[in-house]
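Both ligands and their constituent atoms are indexed starting at 1 by order of listing.
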Amino acid sequence: MNSHDNGGRDLPRDDDDILVLRQPDDWHVHFRDGAMLAFAAEHTARQFARAIVMPNLVPPVTTVAAAAAYRTRILEALPADHRFVPLMTAYLTDEIDPAEIAAGFRDGVFTACKLYPAGATTNSAAGVTDVRRIWPVLERMQAIGMPLLVHGEVVSPDIDIFDREAVFLETVLAPVLADFPGLKVVLEHITTEDSVRFVAAAGANLAATITAHHLRLDRNALFEGGLRPHAYCLPVAKRRRHKEALRKAATSGDPKFFLGTDSAPHQKHEKESACGCAGIFSAPTALESYAQTFDEEGALDRLEAFASVSGPRFYGLPLNEGTVTLRRAPQQVPELMTGDGVRVVPFHATETLAWRFAGRGGQATDDNGPS
Ligand code: DOR
Ligand code: ZN
């Protein structure tokens, strides 16, 4: 496969200041529920045609009925003229029934299953305590071609937080792949050079998502002039050399690496707290953030493969037919974004980004940016 793969679309001539991409998807997002859902989902639906919606609600989405009801709530929360398809996931627990998972996949409710090691991150208390407990589920998923999406961190307090992803590769992911060589696995939101190497070296059944924020933040961002809760997410950002490896992987054209924002809104007061929540809300300017990184890497011609082609190919879903347009025009990201009962500090708050999302369709110029 060439590194400029655009899925066979006839590219309109892009000039230096206009970027037209096949309509992209977000392969990892958190919408939450209630007031936060009403606030957050719209931002993703504005830029993306589809998104893999994470199931870490309270209580988590563990049944077909719960996922179908959540999908309805998402669609009801969107503006009437939306053109967006939420792709639902099942939250794996120690007790989850393989038959429930398979029924949801067969009926088109579940697109994939999400593995949260218990205690690894936000609302993961009901997650899997030992991956061996879900062997029968993985067996069934492999048999029916259902993807496993993995939060790749071990949770033992003995393991340094900066090493948790690398240790997970050896102690959990490698054995899973060895026992289930036909299982499709996405290692979500990778943060290390180790993961880049591991994924690149594995078979075609293993891929990885990369967030917009891990392409721009290293661990120093957490302490820049003071404690910075809005740079805190999980897996936590690592050393600069890891960020550089992620930037190389994302912009390489390798179809094993594709877009997943992990946009994860939390209320401002829950981030700015003595025990602040992990998560970065990147949805409002997700494409602009990725475009800035690809531009800096001299790889704008590879953004389309990363954002719009490699993800659907891995999932075995059709490529989107429409386009989005980005314009090179500076925009300042708001310091705070508000909804009904919701106050969220977005990724890039107060920064000026070089690109601006200009709407869907090749000629679109009608989008005024996040508000
Ligand atoms: O930073 C994160 N936030 N990482 C996760 O794994 C979960 C997410 C959330 O749900 O807030
Ligand atoms: Zn996530």
Side-chain angles (χ1 to χ4, degrees), residues 25-34 36-37 39-41 43-44 48 51-61 70 74 86-92 111-128 147-155 161-162 164-165 168 172 185-192 195 207-219 221-222 228-238 246 258-273 275-283 286 289 311 342 344-347:
D25 304 301
D26 184 350
W27 299 98
H28 184 137
V29 74
H30 299 267
F31 282 161
R32 317 300 190 202
D33 218 337
M36 190 62 93
L37 168 62
F39 164 76
H43 292 285
T44 296
F48 297 99
I52 287 277
V53 181
M54 289 296 152
N56 59 334
L57 305 182
V58 186
V61 179
Y70 185 31
I74 293 167
L87 303 174
M88 310 310 291
T89 54
Y91 181 114
L92 295 177
T111 297
C113 290
K114 179 69 186 282
L115 168 62
Y116 287 105
T121 187
T122 307
N123 302 334
S124 63
V128 173
L148 174 71
L149 317 183
V150 175
H151 183 108
E153 289 190 286
V154 294
V155 294
I161 190 162
F162 292 102
R164 288 180 184 181
E165 185 174 289
F168 183 90
V172 183
V185 180
V186 183
L187 185 56
E188 300 290 337
H189 43 54
I190 58 170
T191 62
T192 59
S195 288
T209 53
I210 305 182
T211 74
H213 50 275
H214 288 114
L215 293 171
R216 306 199 64 80
L217 305 177
D218 61 46
R219 63 191 195 173
L222 284 156
R228 299 286 186 168
H230 299 292
Y232 175 54
C233 62
L234 288 170
V236 70
K238 308 296 192 298
L246 297 174
F258 51 82
L259 187 157
T261 62
D262 197 18
S263 178
H266 289 278
Q267 292 273 17
K268 181 175 191 281
H269 69 270
E270 285 170 349
K271 295 281 296 172
E272 298 172 5
S273 151
C275 186
C277 295
I280 293 179
F281 180 55
S282 58
S289 183
V342 172
V344 179
V345 176
F347 184 41

Identify which of [options] has a heavy atom lying nearest to [atom].
atom: atom 6 (O) of ligand 1; options: T122, T211, T121; answer: T121
atom: atom 11 (O) of ligand 1; options: R32, E153, M54; answer: R32
atom: atom 4 (N) of ligand 1; options: L57, V236, L234; answer: L234

At under 4.0 Å between heavy atoms, which part of [X] makes contact with ligand 1: side chain, backbone, both or neither?
X: D262; value: side chain
X: A264; value: side chain
X: N123; value: neither

Considering all heavy atoms of both residues, which atom of [X] and which atom of [Y] are nearest to each other, and what is their separation?
X: L217; Y: A237; answer: O-CB, 3.7 Å
X: T111; Y: I52; answer: CG2-CD1, 3.9 Å
X: S282; Y: S263; answer: N-OG, 3.2 Å
X: D262; Y: H30; answer: OD1-NE2, 2.8 Å
X: V29; Y: T261; answer: CG2-OG1, 4.1 Å
X: F168; Y: P117; answer: CE1-CG, 4.2 Å

Ligand 1 to P235 polar contact by distance, N or O atoms, under 3.5 Å: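 No - when backbone and side-chain N and O of P235 are compared with those of ligand 1, no distance drops under 3.5 Å.
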Geometric N/O contact A278 with ligand 1, under 3.5 angstrom: yes
For C233, atoms of ligand 1 separated by under 4.0 Å from a heavy atom: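 Listed by number with element, the hits are 1 (O).
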Contact atoms of ligand 1, heavy-atom distance to H151 under 4.0 Å: 6 (O)
Ring pair (Phe, Tyr, Trp, His ring centres under 6.0 Å) partners of Y116, counting only residues at least two apart: Y91
Residues forming a ring pair (Phe, Tyr, Trp, His ring centres under 6.0 Å) with H189, sequence neighbours excluded: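 H189: ring pair (Phe, Tyr, Trp, His ring centres under 6.0 Å) contacts with H28, H151.
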Check against side-chain contact (heavy atoms from CB on, under 4.5 Å), Y70 and L57: CA-CA 10 Å; Y70 185 31; L57 305 182; 3.6 Å; yes
Distance-only donor-acceptor check, side chains N56 and T122, under 3.5 Å: no
Close approach of H266 to ligand 1, heavy atoms, under 4.0 angstrom: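 The answer is yes, since H266 has a heavy atom less than 4.0 Å from ligand 1.
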Sum of protein N, O or S atoms, each under 2.8 Å from the Zn ion (ligand 2): 3
All side chain to side chain donor-acceptor pair (under 3.5 Å) counterparts of E165, not counting sequence neighbours: T191, T192, S195
